[in-house]
J.: 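Take this structure first; my questions come after.
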Amino acid sequence: MKILKLSIWMIGIALISSSCELLNPQPKSPVEAKATTLDQISILPEPLNTEASGSSFILFDALSVLSNPSQEKNQTALISGLEERLGFTPELIENNLDYQIALSIEPLRKEEKWIVDTTNEALLNEAYVLEISEKNILLKAATDEGLFRGIQSLLQLVPNQSMTEGEHEVYVLPTLKIVDIPQMEIRSAMLDVARHFFSVHEVKRYINQLALYKYNTFHMHLTDDQGWRVEMKNWPALTEIGAATEVGEGVGGFYTQEEFTELINYAADRHIEIIPEIDMPGHTNAAIVSYPQLNGNGKTPEVYTGTNVGFSTFDANNEEVYAFLDDILGQFAAISPSKYIHIGGDESHVTKKKDYIKFVERAEALVRKHGKVAIGWDEITQADISGPAVVQLWNNEENALVGVEKGMPILLSPAKKAYLDMKYNEDSEFGLNWAAYIELEDAYNWNPSTYFSDLDSSFILGLEAPLWSETIYDSASLEYLAFPRAIAYAELAWSQTANYNWERFKTKMKSHGSWLEKQNINFYPSSEIDW
């Protein structure tokens with residue numbers, strides 16, 4: 001009788017085991033692994049260290065993602081990115097299988113950080129390790145941010161086209177190990193939404209494009225002579241009057257504070273920090289036409305829809321101006337989690353020098369009052385301010401070096417090298433050329449770390465590529481000027497100097513061009529690339 005019961009029990013166990021195998025079968029690749037080489041790896045920006053092991057991970061519709069409750073946002077980013085590239089949605093499951101991607105938060109071992117001798121936590125937080133074997137993919141980092149950067153590399157490894165093997169459609173990924181960390185703390189792009197207004201949808205589209213190439217900062221130029229673009233409580237005329245125009249007499253527009261918060265959160269989900277800029281004391285006609293008592297010449301101005309600069313100024317000797325700014329900066333500080341507020345400071349041609357210096361000192365003090373760090377264009381170093389304020393080089397290198405002497409780090413945006421609104425050549429459909437023509441090779445072939453030959457690179461906080469909007473007005477015109485140059489600037493800011501290689505970058509850009517086309521990104525087809 002005991003033998004019979006034992007037999008029945010063993011049969012039951014076998015049935016349960018068989019049932020589990022049927023419910024959760026290990027997937028089997030429909031094709032054999034293939035040989036791959038480093039030449040098939042087209043990640044941009046160039047990772048710090050890549051080792052290919054010569055085989056492949058066959059990606060097909062059995063692909064799954066191992067569930068990790070602490071990584072919900074990153075899992076969503078990974079699955080949606082793969083769905084966009086593959087045409088099917090990988091399943092999120094809780095058990096280990098072959099052909100699976102796992103995300104892991106764990107301290108990176110010392111041998112995985114050998115490549116960079118740094119104690120900079122901001123850089124270490126973005127480091128990641130990506131390992132692809134024939135059966136599984138493991139992405140690990142010490143932080144959520146590091147995992148997100150690694151996800152961008154993994155997504156770029158997915159070929160733009162599948163391979164057909166008999167009845168099967170598969171994607172071939174190389175087996176490899178990547179250890180990666182950024183060179184620069186700030187890798188930024190700027191968009192001028194003041195001269196031409198860009199909608200929430202258009203700004204989100206650009207943020208998505210920047211995230212793929214590991215940008216971590218997005219500077220929004222929110223106010224200028226032609227428009228004021230964010231709602232300010234207590235100051236309704238800023239949007240009723242100041243937001244109603246743009247270059248070329250368009251209808252303008254503005255973001256409510258809720259919409260601006262939506263953009264901030266959208267960028268934050270992609271580990272991008274939005275830095276708001278209120279340009280002053282010049283570039284202020286939109287504010288002054290809304291509230292004429294702020295004007296430095298005592299007159300009531302008219303709205304402005306042209307492209308000249310340097311004709312407007314706040315009144316540096318009027319306490320009403322500082323009360324206005326105290327409220328405005330306080331509102332931005334309350335809704336913006338960024339540690340920075342940009343105070344502009346450029347091209348204040350009609351502001352007397354003593355008034356300019358007084359104004360910048362008062363404005364920087366107000367930024368500090370509200371718990372933020374001021375960034376300003378390089379003219380601000382004429383004032384008696386010091387670090388932690390940041391000087392952003394756009395024009396005058398001597399100004400930037402004066403800032404360093406005062407303890408201010410430099411954010412590099414030299415117009416002749418890094419301005420995205422400069423034409424590629426004389427035939428460019430959009431853009432200006434007052435600083436330079438900047439073809440793709442010109443954008444790539446310089447070294448931000450050694451831009452100042454006698455300056456220690458530790459004073460370089462980062463690189464920003466500004467895009468001023470005198471000649472652009474929608475996503476298509478924006479993308480024409482931004483891409484592919486924004487990818488070049490991403491590599492200069494992320495990759496180590498030793499990994500800069502124009503010939504390799506050109507080769508990789510060819511495959512990225514296919515992805516840009518697939519995304520309907522209106523990039524400039526530079527003749528320097530064999531598209």
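We're numbering straight along the sequence, starting at 1.
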J.: Would you please say whether a donor-acceptor pair under 3.5 Å links the side chains of Glu470 and Thr307?
T.: no
J.: Please work out which of the three classes, parallel, tilted or perpendicular, describes the rings of Trp377 and Trp468, given edges at 30° and 60°.
T.: tilted
J.: His271 vs Phe148 aromatic rings, parallel, tilted or perpendicular, using cut-offs 30° and 60°?
T.: tilted
J.: Report yes or no: do Ser312 and Asn285 form a side-chain donor-acceptor pair below 3.5 Å?
T.: no
J.: Quick test of your reading: applying salt bridge (charged side-chain N to carboxylate O under 4.0 Å, His left out), list the pairs with at least one residue in residues 215-231, sequence neighbours left out, ordered by first then second residue.
T.: Arg195-Asp224, Glu231-Lys233
J.: Report the residues that fulfil salt bridge (Lys or Arg N to Asp or Glu O under 4.0 Å) with Glu491, sequence neighbours left out, ordered by chain and then residue number.
T.: none
J.: Between Asn234 and Asp327, do the side chains contain a donor N or O and an acceptor N or O under 3.5 Å apart?
T.: yes
J.: Suppose we screen for side chain to side chain donor-acceptor pair (under 3.5 Å). Which residues come up paired with Thr164, at least two apart in sequence or across chains?
T.: none
J.: Verify the distance criterion only: is there a donor paired with an acceptor across the side chains of Tyr500 and Asn445 at less than 3.5 Å?
T.: no
J.: Output yes when Glu46 and Arg504 qualify as a salt bridge under the 4.0 Å nitrogen-oxygen rule, no when they do not.
T.: yes
J.: Does Ser495 reach the main-chain N or O of Leu492 with its side chain, forming a donor-acceptor pair under 3.5 Å?
T.: no
J.: Centre-to-centre under 6.0 Å for Phe254 and Trp228, is that the case here?
T.: no
J.: Looking at every non-hydrogen atom in both residues, tell me the closest pair between Lys372 and Ser338 and how far apart they are.
T.: NZ-O, 2.6 Å
J.: Determine whether Thr284 and Thr223 satisfy the following criterion, side chain to side chain contact (heavy atoms under 4.5 Å, CB included), listing intermediate values before the conclusion.
T.: CA-CA 7 Å; Thr284 47; Thr223 68; over 6 Å; no
J.: Salt bridge (charged side-chain N to carboxylate O under 4.0 Å, His left out): which pairs involve residues 60-84, sequence neighbours left out?
T.: Lys73-Asp269
J.: Could you tell me which non-hydrogen atom of His219 sits nearest to which non-hydrogen atom of His342, and how far apart they are?
T.: CE1-CD2, 3.3 Å
J.: Are Leu139 and Leu147 close enough that some pair of their side-chain heavy atoms sits under 4.5 Å apart?
T.: yes
J.: Begin from the C-alpha positions of Phe314 and Leu325 and carry the test side chain to side chain contact (heavy atoms under 4.5 Å, CB included) through to its verdict.
T.: CA-CA 10 Å; Phe314 281 145; Leu325 291 177; 4.2 Å; yes
J.: Which residues pass the side-chain contact (heavy atoms from CB on, under 4.5 Å) test with Ser290, not counting sequence neighbours?
T.: Ala237, Leu238, Ile241
J.: Check Leu516 against Ile487 and note the closest heavy-atom contact, atom names and distance.
T.: CD1-CD1, 4.4 Å
J.: If I take atom CG from residue Asn125 and atom OG1 from residue Thr143, how far apart are they, to the nearest 0.5 angstrom?
T.: 4.5 Å
J.: Can you see whether Glu464 engages Trp394 through a side-chain donor-acceptor pair at a distance of less than 3.5 angstrom?
T.: no
J.: Nearest 0.5 Å, what's the CG-CD distance between Leu59 and Glu169?
T.: 11.0 Å
J.: Excluding sequence neighbours, so at least two apart, what forms side-chain contact (heavy atoms from CB on, under 4.5 Å) with Ala52?
T.: Leu38, Ile41
J.: How would you list, by chain and number, every residue that makes a side chain to side chain donor-acceptor pair (under 3.5 Å) with Glu439, sequence neighbours excluded?
T.: Tyr524, Ser526
J.: Can you list every salt bridge (charged side-chain N to carboxylate O under 4.0 Å, His left out) pair that touches residues 248-263, not counting sequence neighbours?
T.: Lys204-Glu262
J.: Should Met220 and Glu277 count as side-chain neighbours, where that means a heavy-atom distance under 4.5 Å?
T.: no
J.: Are Lys140 and Glu131 ion-paired here, with the side-chain N under 4.0 Å from a carboxylate O?
T.: yes
J.: Tell me, which pairs form a salt bridge (charged side-chain N to carboxylate O under 4.0 Å, His left out) where one or both residues lie in residues 205-223, sequence neighbours left out?
T.: Arg205-Glu479
J.: What pairs of residues pass the ring-ring contact (aromatic ring centres under 6.0 Å, His included) test when at least one of them lies in residues 59-83, not counting sequence neighbours?
T.: Phe60-Tyr99
J.: So, for Leu329 and Ala363, which heavy atoms are closest and what is the spacing to 0.1 Å?
T.: CD1-O, 4.2 Å
J.: Would you say the ring centers of His512 and Tyr213 fall short of 6.0 Å from each other?
T.: yes
J.: First locate atom CG of Asn136, then atom CG of Leu66, and finally report the distance between them rounded to the nearest 0.5 Å.
T.: 9.5 Å
J.: Which heavy-atom pair separates Ser336 from Ile264 by the least distance, and what is that distance?
T.: CA-CD1, 4.0 Å
J.: So is Arg270 actually on top of Tyr266's ring, under 6.0 Å and inside 45° of the axis?
T.: yes
J.: How many angstroms lie between CG in Leu154 and CD in Gln156, if you round to the nearest 0.5 Å?
T.: 10.0 Å
J.: Before giving the answer on side chain to side chain contact (heavy atoms under 4.5 Å, CB included), spell out for Gln71 and Asp144 the whole-Å C-alpha distance, their side-chain angles and the decisive distance to 0.1 Å.
T.: CA-CA 7 Å; Gln71 286 300 310; Asp144 294 352; 2.6 Å; yes
J.: Quick check against the 3.5 Å criterion: does Asp474 have a side-chain atom that pairs as donor or acceptor with the backbone of Ser477?
T.: yes
J.: Might you work through the side chain to side chain contact (heavy atoms under 4.5 Å, CB included) test for Tyr206 and Leu478, ending with a clear yes or no?
T.: CA-CA 9 Å; Tyr206 193 33; Leu478 181 164; 3.6 Å; yes
J.: Hey, what's the ring geometry for Tyr419 with Trp434, parallel, tilted or perpendicular (30° and 60° as the breaks)?
T.: perpendicular
J.: With distance as the sole test, does Glu246 use its side chain to make a donor-acceptor pair with the main-chain N or O of Thr305 at under 3.5 Å?
T.: no
J.: Going by side-chain contact (heavy atoms from CB on, under 4.5 Å), name the residues that satisfy it together with Ser348, two or more places apart in sequence or in a different chain.
T.: Pro281, Thr351, Tyr356
J.: Does the gap between the ring centers of Tyr255 and Phe197 come in under 6.0 Å?
T.: yes
J.: What residues, two or more places apart in sequence or in another chain, satisfy side-chain contact (heavy atoms from CB on, under 4.5 Å) together with Ala400?
T.: Leu393, Ile410, Phe452
J.: Is there side-chain contact between Asn265 and Thr261, with at least one heavy-atom pair below 4.5 Å?
T.: yes
J.: Report the relative orientation of the aromatic rings in Trp494 and Tyr128; use parallel for angles under 30°, tilted for 30 to 60°, perpendicular for over 60°.
T.: tilted
J.: What heavy-atom pair brings Val367 and Ala374 nearest, and what distance separates the two atoms?
T.: CG1-N, 3.7 Å
J.: Testing the 3.5 Å rule here: is there a donor-acceptor pair between the side chains of Glu91 and Ser64?
T.: no
J.: What distance do Ile521 atom CD1 and Gln209 atom CD have between them, rounded to the nearest 0.5 Å?
T.: 4.0 Å
J.: Please test Gln392 against Ser413 for side-chain hydrogen bond (donor to acceptor under 3.5 Å, both in side chains), starting from the C-alpha separation and ending with a verdict.
T.: CA-CA 7 Å; Gln392 184 166 4; Ser413 299; 2.9 Å; yes
J.: So, taking the atom named CG in Leu412 and the one named CD1 in Ile186, what distance separates them when rounded to the nearest 0.5 Å?
T.: 11.0 Å
